[in-house]
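So the structure is just underneath, and the comments pick up after that.
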Amino acid sequence: MMFRNLVCPVCGASCDDIQVEMTAEGIVAKNACKMGNAKFQELASPHRIRQPLICQGGEMLPSGWEEALDRAADILASSSRPLIFIGSETSCEAMEVGLHLGEYLGGVVDSNSTVCHGPTAMGIQEAGRVGATAGQSKNRADLTVYWGSNPLESMPRHMSRYAVYPRGYWTRRGRFDRTVITVDPRRSLTAENSDLHIQLNPNTDFELLSALLALLHGQQPHPSAEEVTGVAIRQMEEMLELMKGCNYGVIYAGLGMASSYGKHRNAEMAFHLVQELNNHTKFVIGALRGHCNVAGFNQVASYLYGYPFGLDFSRGYPRYNPGEFTAVDLLRERDVDAALVVCADLVSHFPADCASYLGEIPMICIDIASCPTTMLSDVVLPGVIDAMECDGTFYRLDDVPIYFQPFTASPFPFTASNQHTLQQLMERVRGRKEAGS
Ligand code: SF4
């Protein structure tokens with residue numbers, strides 16, 4: 001049987017043209033890239049967690065749903081400052097419940113952007129952003145700048161669906177109507193396929209952006225800018241001429257900009273550059289958001305509580321201070337006493353001292369497959385795969401909400417989605433708190 005127009009739940013591109021055929025031999029995912037296809041294969045993966053697990057005597061043992069949920073609720077209800085970390089590969093609806101749970105418990109709620117495009121979000125707060133939807137840029141952009149990003153390997157369909165190769169209304173000849181610039185210290189695959197590669201020295205994005213802004217203001221950058229950035233002033237001028245001379249330009253900022261030295265100041269400078277380029281032509285900027293619904297958490301948290309990530313509820317109202325209330329910092333400072341991790345493998349991806357502290361505190365994990373985080377957890381609740389087994393909403397990289405529908409049902413009789421699991425957990429926690437008060 002063939003299912004059409006499905007949404008891929010892997011990266012920020014949220015491709016919504018996936019076709020899935022389920023045959024006796026397995027699953028065939030058409031239109032999906034390699035990363036997307038691998039995710040669709042998870043549906044029938046032997047690594048899938050198919051029942052709740054509880055840690056007993058250092059061993060992860062299968063348990064009943066009620067028992068596992070009770071144990072998870074006990075951990076959260078007895079904690080004085082839990083960390084609730086909601087990864088990106090789940091719906092906004094699940095994120096909303098997780099945020100309410102964090103508020104109810106007086107804990108801290110954080111998400112992937114804390115170690116991803118958090119600095120870009122902070123740059124937006126500092127400077128504001130001139131943005132556009134992916135469709136606008138597809139139809140209009142005759143200049144595409146990939147700054148600190150390598151979509152050919154990290155978001156394989158970005159160039160073919162949104163940015164470079166598709167024929168747009170005002171870019172009818174597709175790639176022939178577009179110029180591509182890549183700013184990257186490495187000669188990446190994307191750089192090789194660009195018209196101009198600006199190979200700056202690592203961690204000099206801020207200096208290069210400042211020099212471009214100086215040139216835009218009609219000033220000469222300090223001669224040391226060449227030595228620091230490794231980019232000749234002549235090449236900066238060439239890049240700037242292309243940017244000023246296009247009809248519509250777009251910068252896709254990647255983690256190379258957000259996570260190199262300068263962090264949110266890089267993003268802030270890039271947003272200022274784009275604002276000033278609009279004195280010459282139409283120019284926009286957006287983040288190339290790697291994870292599926294990482295933009296969704298920023299949207300939902302901002303909408304509900306006013307801040308995009310790293311929300312602390314310990315005083316009964318939301319507070320935000322990246323570096324203090326963000327997951328890595330809290331774990332490094334040993335400032336939380338329990339953790340609920342939803343659809344994220346923190347033990348693999350966080351610094352070693354944070355991962356080691358996660359092993360010391362009680363931890364609950366909701367995930368679809370075994371990983372180092374599930375191995376260190378006290379309770380593992382099986383995850384439901386969004387966009388395949390339940391419906392919901394993702395925010396695409398350009399902050400456009402994409403509603404998705406499933407093509408099969410949750411394989412579990414006890415939960416229909418991660419949102420449903422979190423709602424059940426919330427009810428139990430509430431029951432315990434109210435009984436204790
Ligand atoms: S580009 Fe991203 S969203 Fe599109 S199919 Fe590949 S992994 Fe999925």
Side-chain angles (χ1 to χ4, degrees), residues 7-14 16 76 82-125 129 131 133-134 286-287 289-314 316-322 325-327 339-344 346 366-367 383-387 390-406 416-427 429:
V7 177
C8 173
V10 176
C11 81
S14 294
D16 56 1
L76 290 176
L83 166 67
I84 298 178
F85 191 95
I86 310 175
S88 313
E89 290 187 17
T90 195
S91 66
C92 292
E93 289 78 358
M95 291 171 171
E96 183 184 356
V97 183
L99 279 155
H100 288 321
L101 181 60
E103 181 188 21
Y104 181 75
L105 288 166
V108 181
V109 190
D110 206 356
S111 180
N112 278 15
S113 57
T114 192
V115 285
C116 167
H117 267 293
T120 310
M122 292 164 67
I124 295 172
Q125 290 171 323
R129 179 172 76 96
T133 64
R289 313 214 59 170
H291 290 278
C292 165
N293 194 27
V294 66
F297 186 87
N298 297 155
Q299 292 288 337
V300 176
S302 301
Y303 168 72
L304 289 172
Y305 297 110
Y307 303 117
F309 64 99
L311 297 101
D312 173 72
F313 292 100
S314 60
Y317 55 86
R319 290 189 300 163
Y320 167 75
N321 191 16
F325 303 136
T326 29
L340 165 62
V341 182
V342 184
C343 302
L346 298 194
I366 301 177
D367 215 322
V384 178
I385 308 180
D386 286 87
C390 61
D391 70 338
T393 312
F394 291 150
Y395 273 79
R396 203 169 59 185
L397 77 166
D398 53 349
D399 295 320
V400 169
I402 307 281
Y403 173 67
F404 57 80
Q405 287 187 306
S417 62
N418 295 332
Q419 177 196 12
H420 187 206
T421 300
L422 286 166
Q423 281 167 337
Q424 293 183 62
L425 191 54
M426 176 92 175
E427 271 169 38
V429 169

Would you compute the distance between atom [atom1] of [X] and atom [atom2] of [Y] and round it to the nearest 0.5 angstrom?
X	Y	atom1	atom2	answer
Leu99	Cys92	CG	SG	10.5 Å
Gln299	Asp399	CD	CG	4.5 Å
Ile385	Cys343	CD1	SG	9.5 Å
Ile366	Thr90	CD1	OG1	8.0 Å
Cys390	His420	SG	NE2	11.5 Å
Leu101	Ile86	CG	CD1	8.0 Å

Q. Above 12 or not: heavy atoms from other molecules or residues under 6.0 Å from OH of Tyr303?
A.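 Atom OH in Tyr303 is not crowded, with 12 or fewer foreign heavy atoms closer than 6.0 Å.
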
**Q.** Residues Asp398 and Thr133: side-chain donor-acceptor under 3.5 angstrom
**A.**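 Per modelled atom types, Asp398 and Thr133 side chains form no pair under 3.5 Å.
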
Q.
Less than 3.5 Å apart, any donor N or O on the side chain of Asp312 or Asn321 sitting next to an acceptor on the other?
A.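 Side chains of Asp312 and Asn321: no pair found under 3.5 Å.
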
Quick check: closest heavy atoms across [X] and [Y], and the distance to 0.1 Å?
X	Y	result
Met95	Gly296	SD-C, 3.9 Å
Pro308	Phe297	O-CD2, 3.4 Å
Arg129	Gly286	NH1-CA, 3.5 Å
Ser14	Ile402	CB-CG1, 4.3 Å
Ala416	Val384	O-CG1, 3.7 Å
Tyr307	Pro318	CE1-O, 3.6 Å

Are any side-chain N or O atoms of [X] and backbone N or O atoms of [Y], one a donor and one an acceptor, separated by less than 3.5 Å?
X	Y	value
Asp110	Gly310	yes
Ser91	Ala94	yes
Asn112	Gly87	no
Asn293	Glu89	no

Q | Those residues that, when tested against Pro322, pass side-chain contact (heavy atoms from CB on, under 4.5 Å) (two or more places apart) | A |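 side-chain contact (heavy atoms from CB on, under 4.5 Å) check on Pro322 returns Met122, Phe309, Tyr320, Thr326.
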
Heavy-atom side-chain contact between [X] and [Y] under 4.5 Å:
X	Y	value
Val109	Tyr305	no
Asp367	Val341	no
His100	Leu304	yes
Asp391	Tyr403	yes

